[in-house]
2 protein chains.
Amino acid sequence: MVTIFDVAKAAGVSKSTASRAISGQGYVSQASKAKVLTAAAKLGYTPSILARQFRGQSTKNIGFIARTYYPAVGELLKYCTNILKKYGYGVTIYFTKDTAEEANILELFRLHALDGLFFVANRNNWSYIDRYTEYGPIVTWRRTDNQKVYSSYIDHYPLYKQILDYIYTEYGEINIGHVLNDPAKNNTKARLRAISEYTKLHPNSDNSWIVYYPEQENAGQQASLNYLTTKQTIDAVIVYSDYVAAEFMSTLRVNGINIPEELKLFGFDNSDFGKFMNISTIDTYLAIQAKNLTNRIICTLEHETFKEITIVPKVVIRQTC
Amino acid sequence: MVTIFDVAKAAGVSKSTASRAISGQGYVSQASKAKVLTAAAKLGYTPSILARQFRGQSTKNIGFIARTYYPAVGELLKYCTNILKKYGYGVTIYFTKDTAEEANILELFRLHALDGLFFVANRNNWSYIDRYTEYGPIVTWRRTDNQKVYSSYIDHYPLYKQILDYIYTEYGEINIGHVLNDPAKNNTKARLRAISEYTKLHPNSDNSWIVYYPEQENAGQQASLNYLTTKQTIDAVIVYSDYVAAEFMSTLRVNGINIPEELKLFGFDNSDFGKFMNISTIDTYLAIQAKNLTNRIICTLEHETFKEITIVPKVVIRQTC
DNA sequence: ATGAAAGCGCTAACAA
DNA sequence: TTGTTAGCGCTTTCAT
């Protein structure tokens, strides 16, 4: 391997002058700089990143942490990666099986193997995670009110109310079923609040069919099986993501349920699944959320001032509702 | 930061003994080992990964390289990451805009910042890329016959013939349109061969509507626009991926085309899009492909013998054809 | 079985 | 403006 010492020798200067010429830090005369640069080019020198990382205690790598893969994770990753690339940061991805695995990643962070952390979803409590903010920026897609961890969250409460009100206006006090994510999540709690408010206002609407599927994989299928076997009469179902809604609808259709004739359906997040399958949904502008989150990391790291883009979600009415 | 020197001091031994005790390399007495380990635990010592990486000239990180994001990329990433995790390897993701960006990643590889390379798709020629195989294993999802780069490829020629024959058996010599990927790709070439063979055998079948969309994003929409404006009569369309087929079908349906009544449709790869939208397709067992590719990397790195799992693709007939 | 010492390649404090 | 030197934390010869 050709080192900076080789370059210095070839250019007839010292290691430090060569270093200064190459990194652009500190004083170097034009003459020396030129000598060093040509020598470097001639020898085909590239700085050892490993040495740089070790020396500088920073890797220019961001950890992207999710619990499992599902399509929205891929979308977030795409946006995040493409923004960070422009600033010379790499993205290392982790799927965490449990709190211990997540703790390992936090240790990597403490040891500077990662310069920032982008949580799609967490496993440990925020109070545990936020201790690590002293090592660099931590952001999360999940809603949290934690002061140290940045969350570009969208309040699901008014959004959910909007869906419910839309259904009421269009169809009256029909029975609405709900497919929700992890009940421990703040977004889920916000939705539950909206549901209970709505039920108070519209006592004739039965909103009691509520099922929870914290993992998106197969959630739609499981929910549909549940739906098909319940004795309750349900006229509409709201699902927490388009992906899950798509699988839900697909399974129901195979079982002969006509949508929207027999059952109205609402998704959430306006992904390709919603688009392609013509599912009514709410666009929460995932790309902008990812941008806010990623910019927050960059601004902290590069000491720039961060300004958040305000997101105004939009109801998208399509064929299913 | 607590270093190995601190541990050594606390344990009353030398740095090297401490290192041996912790890494498990070389001779250490039970007594010393115990002393070191308790000291390490008491001090909350964790080895500096950055120093280890620098010293060992290896990061235990694999580069995962794609051109753009589309759902199958996410799936591959999921499988790849989860396997590598078990062996203690991380995965860093890159989306390459052009050959220069890809070349940068290859440089990272040369400098040992990456221990292996998983190409979903490449930008430079394989003859350029394969020079880097001396730095570690390189595998690719794309079909290549390059000797140095491992490709767990599936021959699309017999698969495509299978689809064409199925259509012929079911519907006779109808006109078939083709939505293909990059014409420069080997998979596309294999498909074109199958098409020309088929046309020779079935001269009444018009197979001349062939369109190419190298990027999956929006490909389905563009193809549908093309389809809607062509003067040719097309009875069936085969699309190179379920994702693109899904968007294609979605757009056509919005424009009042009935599928399968007016148009038969065939996808490829059996993804969730195909499943949820009931599109006939071929299952190429992406998970197993990813497994072969990933295992190949691991086996090279860990000096184990690699055995490939043979994949037998399966036609999946659904609603659209 | 253990310790001393060298060195991976780079950067930065300090001296000149 | 440049060179000297130290040191980041670890592993690994080479002696002992």
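Side-chain N or O atoms of B:Asn125 include none that pairs as donor or acceptor with a backbone N or O of B:Ser127 at under 3.5 Å. Within the 3.5 Å criterion, the main-chain N or O of B:Val28 finds no donor-acceptor partner in the side chain of B:Ser32.
Here the P atom of nucleotide D:dC10 and the NE2 atom of B:His112 are 21 Å apart, to the nearest Å. To the nearest angstrom, P of C:dA13 lies 15 Å from NZ of A:Lys15. C:dT11 atom C1' lies 16 Å from atom CD1 of A:Ile49, rounded to whole Å. For the pair A:Gln25 CD and D:dT2 P, the interatomic distance rounds to 16 Å; values are reported in whole Å. Look at CZ on A:Phe5: it is 12 Å from P on C:dG9, rounded to the nearest Å.
Two residues are said to be in side-chain contact when any heavy atoms from C-beta on lie closer than 4.5 Å; A:Leu50 and B:Leu111 fail this criterion. Side-chain contact between B:Leu106 and B:Ile129: present, with at least one pair of heavy atoms (C-beta onward) separated by less than 4.5 Å.
Stacking between A:Phe54 and D:dC8 is shown: the ring centroid lies under 5.5 Å from the centre of the six-membered base ring, and the planes differ by under 30°.
Comparing D:dT13, C:dC10, C:dT11 against the side chain of A:Ser23 picks out C:dT11 as the nearest. Closest to the B:Arg55 side chain, of the nucleotides C:dT11, D:dG9, C:dT2, is D:dG9. Distances were taken from every side-chain heavy atom of A:Arg20 (C-beta onward) to each of D:dC10, D:dT2, C:dG9; the shortest belongs to D:dT2. Closest approach to the B:Ser29 side chain among C:dC10, C:dA1, D:dT13 is made by C:dA1 (side chain taken as heavy atoms from C-beta onward). Relative to the side chain of B:Met1, the nucleotides D:dG9, D:dC10, D:dT5 differ in distance, and D:dG9 lies closest. In the set C:dT11, C:dA12, D:dG9, D:dG9 carries the atom at the smallest distance from any side-chain atom of B:Ser48. Of the candidates D:dG9, C:dA5, C:dA1, the closest approach to any side-chain atom of B:Tyr27 belongs to C:dA1.
Close to D:dG3, at under 4.0 Å from its OP1 or OP2, lies a side-chain N or O of A:Thr17. Proximity of B:Arg52 to the phosphate of D:dT11: a side-chain N or O atom is located under 4.0 Å from OP1 or OP2. Side-chain nitrogen and oxygen atoms of A:Thr3 include none within less than 4.0 Å of the OP1 or OP2 phosphate oxygen of C:dG9. Using a 4.0 Å cut-off, some side-chain N or O of A:Ser32 falls inside it from OP1 or OP2 of D:dT2.
Comparing B:Pro47 and A:Gln30 by the nucleotide of DNA chain D whose heavy atom lies nearest to each, the residue mapping closer to the 5' end is A:Gln30.
B:Ser16 comes within 4.0 angstrom of a base, heavy atoms only. A:Ser19 comes within 4.0 angstrom of a nucleotide base, judged by non-hydrogen atoms across all strands.
Taking the six-membered ring for Trp and the full ring otherwise, B:Trp126 and B:Phe119 have centroids separated by under 6.0 Å.
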